[in-house]
Every structure is written in C-alpha cells, then in structure tokens.
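Reading through the structure tokens given below for one structure.
Every value quoted in this text rests on a predicted model; they were computed, and no experiment measured them. A note on names: the letters A, B, ... follow the listed sequences, proteins ahead of strands, and every chain is numbered from 1.
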Amino acid sequence: MLRLGLLSDPYSASRLIAALSFSPSPSRDLHYAHQLFDQIPHPNLFTWNALIRAFASSSDLGLSRRVFDGIPVRDVVSWNSMIAASTQAGRPEEALELFRRMEVEDVKPNDKEDIIADQVTFVSVLSVCSQLGTIDLGRLIHASIHKHGITLNCHLATSLIDMYAKCGNLEKAVEVFRSVDQRDVFLWSAMMAGLAMHGHGEAAIELFLEMQEAKVKPNEVTFMNMLCACSHSGLVDKGRKVEHYGCMVDILGRAGRLDEALDLIENQMPMPPRASVWGALLGACAVHGNVKLGEKAFEHLVALEPGNDGAYVLMSNLYAKSDYWDGVAKLRKRMREMGMKKEKGCSSIEVDGVVYDFLVGDISHPSYRKIYLKLNEIASRLRSSGYVPNRSQLLQNVEDDDAKEQALYLHSEKLAIAFGLISTIRVMKNLRVCEDCHSFAKVVSSVYKREVVLRDRYRFHRFRGGECSCMDYW
DNA sequence: ATAGGGTTAG
C-alpha cells in the first residue's frame, strides 16, 4: 500500500489501521500503526476514530485519549469510541465524565442520525452503570430510550438486562428480556448470568433449555454462565453434565467434596491443569478450611502464575482462619519481596442517586460521626439478640480479643450498612463478602426489619427477616 | 467503500 501511495486515500488508510489493530497478536503492530498514522497526508474523522479503537484494543487508554483530545471536531462515533474504550478498560468514572461532557459540547452531526447520543452511547453508559451499580442513571437511560422511541436491538437489550441484574433489580431484567422477540446468544447468556447471580440456578437451566428450543447456538460464555449457575446453587449433578474441568473443580470443591475435586485434577484430566483449575481448588480449600490441600493448590498456582496476588490473599486468609499466623507472616513477606499488594476492600452504597465509598475504618464521610454512633448502637442491639462476632474472619493477627472485635466492626461493608440504616440499604462490595459480615447483615435485616441488598464480587445477597437469598451457600 | 456497542468461573 505504501509503494502504491494508497496511504493518501483515507478509505484505505482507515481500513489499514483497523486491520493492524484487530489482527492476532503476532502480526499486530500498534507502534507501526502509530508511525503510519503520522504519514497519512489527509487524515479524516474515520482515521482518527479508527485509531482510538486501535489503541484501546491494545489497552493503552492514554494513547486513545491523546488521539481523541487532538481531534478538531468530534462526531458521535469519536465520543462513543472513547467512552467505550474507558468502559472496557475498567475506568467507569472517566466514561461517565465523557458522557456528561458529550451532552454539553458540540458533536458533529453524523450522516445517519443527528441525535447527540445514540444506541451505541447508551450501550456503553449502561455498562458503566453495571460496573458502578448506579441504578438511578440506568433507569434514566432506559426512560430516555423509551422517550426517543428507540427500539431495543440485541446490544441495547443485553446492556439493559446486565444493568438491571447487576444493580439488583432482577424482575426488571426479566421484563426487558421478555420484551425482545429476536434474541441472540448474548441476550440469552446475559439473562442466564443475571439469574445465576441472584441464586436462581434452576431458572437459569430452564432458560438454557428454552434457548435450545429457540435454536440459538450457545457459545463458551453461555456454558460458563450455566456452570456458574450450577455452582452457586449447589447443582452438582447438573454441572457434571457440562464438561469443563475448572468449573467442575469449583462445583465439587464448593460443595465440600475436596477429595473428588483433587482426584479429578490428578487422575482424570486429559490435559495439564491450568492456573484457573488450581485457583478453583484453592478457593474451595479456603471456604472449607483445608490448609494442607490449600498449600498444594497454592504452590501449583503460583508456579504457573507468579504474579497472581489473589492466590496469596486466599492462602493468607486460609492460614488466618486456621489460626496459623506464622504462615500468614511468611506469605506477607513473600508478597512484599515480590512487590505485591492486596486489593483494598471497598464498599459503596447508593443513596438518592449518589454513590458513597467506604474503606476499612473510613472517616472521610461528612457525617462519619453519625455513622460510628449508629454502628455502636447496632453492635449493642445485635449482641442482645444473640449475634456473636466471628473472630476467625479477622485476617490480621490482633492479640487482644476485644481489639479483634473492634477491628471487625471497621470492615467497609458494616460501615456502608450503618450509613444505609440512616438511609436506603443497597451495598456494593468489590471483593467477596466475609462470613462475619454476612451473618451481621442477616441479623441486621431481622432486628431492624429492613431489607439489605449486598452485591459482592460474584453475586447478590438479599437479606430479609434474618435469612439470605443465597441460603448461606456462596 | 473507511470508524463506535452487549454476556464470562476463581
């Protein structure tokens, strides 16, 4: 193309950039794409926009942003590309900021439509809502879609279902799902994932059968979601019918059948176990407190993935649960030597459309005094109704028993719940909820006769009258 | 003719 001088043709140039950025990794050369770009004599919006996407797929958000900022007049595709790039890079706040700017800044009219934000914009922003758990914004966008008379295509409907499910409104997700008549594999899979997340494993399996009747071919994600549904609902035999070793280890392990899980890995797998398989076993050992097997899984796992910080945290928690503090100290030393840090626990709660974040022992909230006061009051009321803090869930070595109890009360989930008790209760946790916080929430729901909805990294917990929707199985 | 979107265990 260079020899023929085709770079001066914007059509060819844009296509070349796209081709270079979507090629499989060996022939993918973004550095070269960038160099080429500087040589394009007449770049147009198509070339700029292709480049945003190209850098985003190489996960270099900074470069995408530099291209975006340099565009003299941006159209809706430029904005959508940049918003999608931020969303996919796990930077939902940046995406949201762009969306808000988009509404007030000039957007060059597009050939096709002349509305400011279109379906593609909404798809990305709904994905932001899923990530942040901001159901109010999600509802606003849903309303806006209605208002503009936009029909739901599969992309948009999938995003809506995912948003409602991840924001805790499963009924609404089902409603959207049922309102679509041409359903593709993404739509079906997203609905199954939503059901699984809320503990409706059987319903997810029924949906899978319905999907087959509709002659839609499942893909690997569909199976993944199915197995997740089986795993979270304890459906061991149904899960066994789908062949996937990592998930099967998880299903067996979660159900406490650790020996069977190990036997599967060591004697039945036709291929060498990959990291995720050992990860599933380690996770199961952590749940069931099996240190010896946990150590074995851990060593296999870090041999395959030395930088896996999650493995260290799981193993350390397993030691701590078993009161083996020397093990914890050794692991921490190993982590320090490798320059690794544990992800900080953070819970956020949405009250009247505003998201509040809490870290452990957080005092940055304007009314933090009120929150701790409320927490004290909760502690005494819970104690008199029979709740005993589960000190095994304190994963640092605090000698004094009273101090241990104090430290448990500083967990971010509890702070968010206490704040919620002075407002509406909808809690998001970025990591898995700990057993003590889980029983805490149960007692809160019965003593205060309030519903608590807690979304952790993997699923939803809906506490009502002292019971949780997960039936203590997660 | 060239650019933008959705589902995913531990």
Side-chain angles (χ1 to χ4, degrees), chain A residues 6 9-19 21 40 43-54 56 64 67-68 71 74-85 87-88 110-112 118-127 130 152-163 165-166 184-194 196-197 218-232 239 242 244-251 253-254 274-287 297 301 305 308 310-311 313-314 431-432 457-459:
Chain A
L6 284 175
D9 172 32
Y11 288 100
S12 316
S14 305
R15 202 70 200 91
L16 180 59
I17 292 171
S21 54
I40 297 172
N44 65 6
L45 259 178
F46 285 88
T47 358
W48 302 107
N49 295 343
L51 217 63
I52 293 176
R53 180 69 178 81
S64 290
V67 175
F68 177 80
I71 303 178
R74 307 175 189 102
D75 72 352
V76 70
V77 178
S78 321
W79 286 95
N80 288 348
S81 305
M82 198 59 235
I83 290 173
T87 312
Q88 287 160 10
N110 196 291
D111 296 344
K112 285 181 264 175
D118 65 5
Q119 301 194 27
V120 181
T121 324
F122 289 143
V123 167
S124 290
V125 180
L126 284 168
S127 161
S130 301
L152 297 184
N153 63 19
C154 280
H155 283 272
L156 201 46
T158 303
S159 272
L160 271 172
I161 290 168
D162 186 57
M163 182 278 293
K166 287 187 181 149
D184 70 0
V185 62
F186 285 85
L187 195 83
W188 285 101
S189 307
M191 192 64 253
M192 282 170 41
M197 201 183 294
N219 63 16
E220 56 189 88
V221 177
T222 320
F223 284 112
M224 207 65 249
N225 294 346
M226 275 285 292
L227 288 161
C228 172
C230 294
S231 185
H232 282 272
V242 183
H244 185 303
Y245 290 98
C247 286
M248 201 53 227
V249 168
D250 181 47
I251 290 170
R254 217 181 267 269
R274 295 199 315 185
S276 61
V277 176
W278 291 115
L281 186 65
L282 176 57
C285 291
V287 172
L301 180 51
E305 283 182 348
N308 188 333
V313 173
L314 267 178
L431 307 174
R432 197 174 187 278
R457 187 164 201 141
Y458 304 114
R459 61 167 296 152

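You can call A:F46 stacked on the base of B:dT2; the centres are under 5.5 Å apart and the planes sit within 30°.
A:N153 has its CG atom 13 Å from the P atom of B:dG5, to the nearest Å. Residue A:W188 contributes atom CH2, which lies 22 Å from atom P of B:dG6 at whole-angstrom precision. Separating the CG atom of A:D250 from the P atom of B:dT8 is a distance of 16 Å, rounded to the nearest angstrom. Between A:L227 atom CG and B:dA9 atom C1' the separation is 8 Å, expressed in whole Å. One interatomic measurement links the two molecules: CZ of A:F122 to P of B:dG5, which rounds to 17 Å at whole-angstrom precision. Rounded to whole angstrom, the span from the CE atom of A:M82 across to the P atom of B:dA3 amounts to 19 Å. Regarding A:M163, its CE atom lies at a distance of 20 Å from the P atom of B:dG5, rounded to whole Å. Between the CG atom of A:N49 and the P atom of B:dG5 there is a distance of 11 Å, rounded to whole Å.
Scanning for ring pair (Phe, Tyr, Trp, His ring centres under 6.0 Å) contacts around A:F122 gives an empty result, with sequence neighbours left out. For A:S12, the side-chain hydrogen bond (donor to acceptor under 3.5 Å, both in side chains) partners at least two apart in sequence or on another chain are A:D9.
Below 30°, between 30° and 60°, or above 60°: for A:W79 and A:F68 the angle between ring planes is above 60°, a perpendicular geometry.
Residues A:L6 and A:L16 are not in side-chain contact: their nearest non-hydrogen atoms beyond the backbone lie 4.5 Å or more apart.
In this structure, A:T158 reaches the bases: a heavy-atom distance under 4.0 Å links it to at least one base atom across the strands shown.
Taking the side chain of A:P10 as heavy atoms from C-beta on, and the options B:dT8, B:dT2, B:dA3, the nearest nucleotide is B:dT2. The side chain of A:D9 has B:dA1 as its nearest neighbour among B:dG5, B:dA1, B:dT8. When distances are taken from the side chain of A:D75 to each of B:dG5, B:dA3, B:dT7, the shortest belongs to B:dA3. Comparing B:dT7, B:dG5, B:dT2 by their nearest atom to the side chain of A:V120 picks out B:dG5. Which of B:dA1, B:dT2, B:dG5 sits closest to the side chain of A:N44 comes down to B:dT2.
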Inset, instruction - Check the pair A:N219 / A:T222 against side-chain hydrogen bond (donor to acceptor under 3.5 Å, both in side chains), numbers first and verdict last. - result: CA-CA 5 Å; A:N219 63 16; A:T222 320; 2.9 Å; yes
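If you check distances only, the side chain of A:S159 never reaches the base of B:dG6 with a donor-acceptor pair under 3.5 Å.
The side chain of A:Q119 places no N or O atom within less than 4.0 Å of a non-bridging phosphate oxygen (OP1 or OP2) of B:dG6. Contact check, A:R457 against B:dA9: no side-chain N or O comes under 4.0 Å of OP1 or OP2. Using a 4.0 Å cut-off, no side-chain N or O of A:K166 falls inside it from OP1 or OP2 of B:dG6. The shortest distance between the side-chain N/O atoms of A:R15 and the OP1/OP2 oxygens of B:dA3 is below 4.0 Å.
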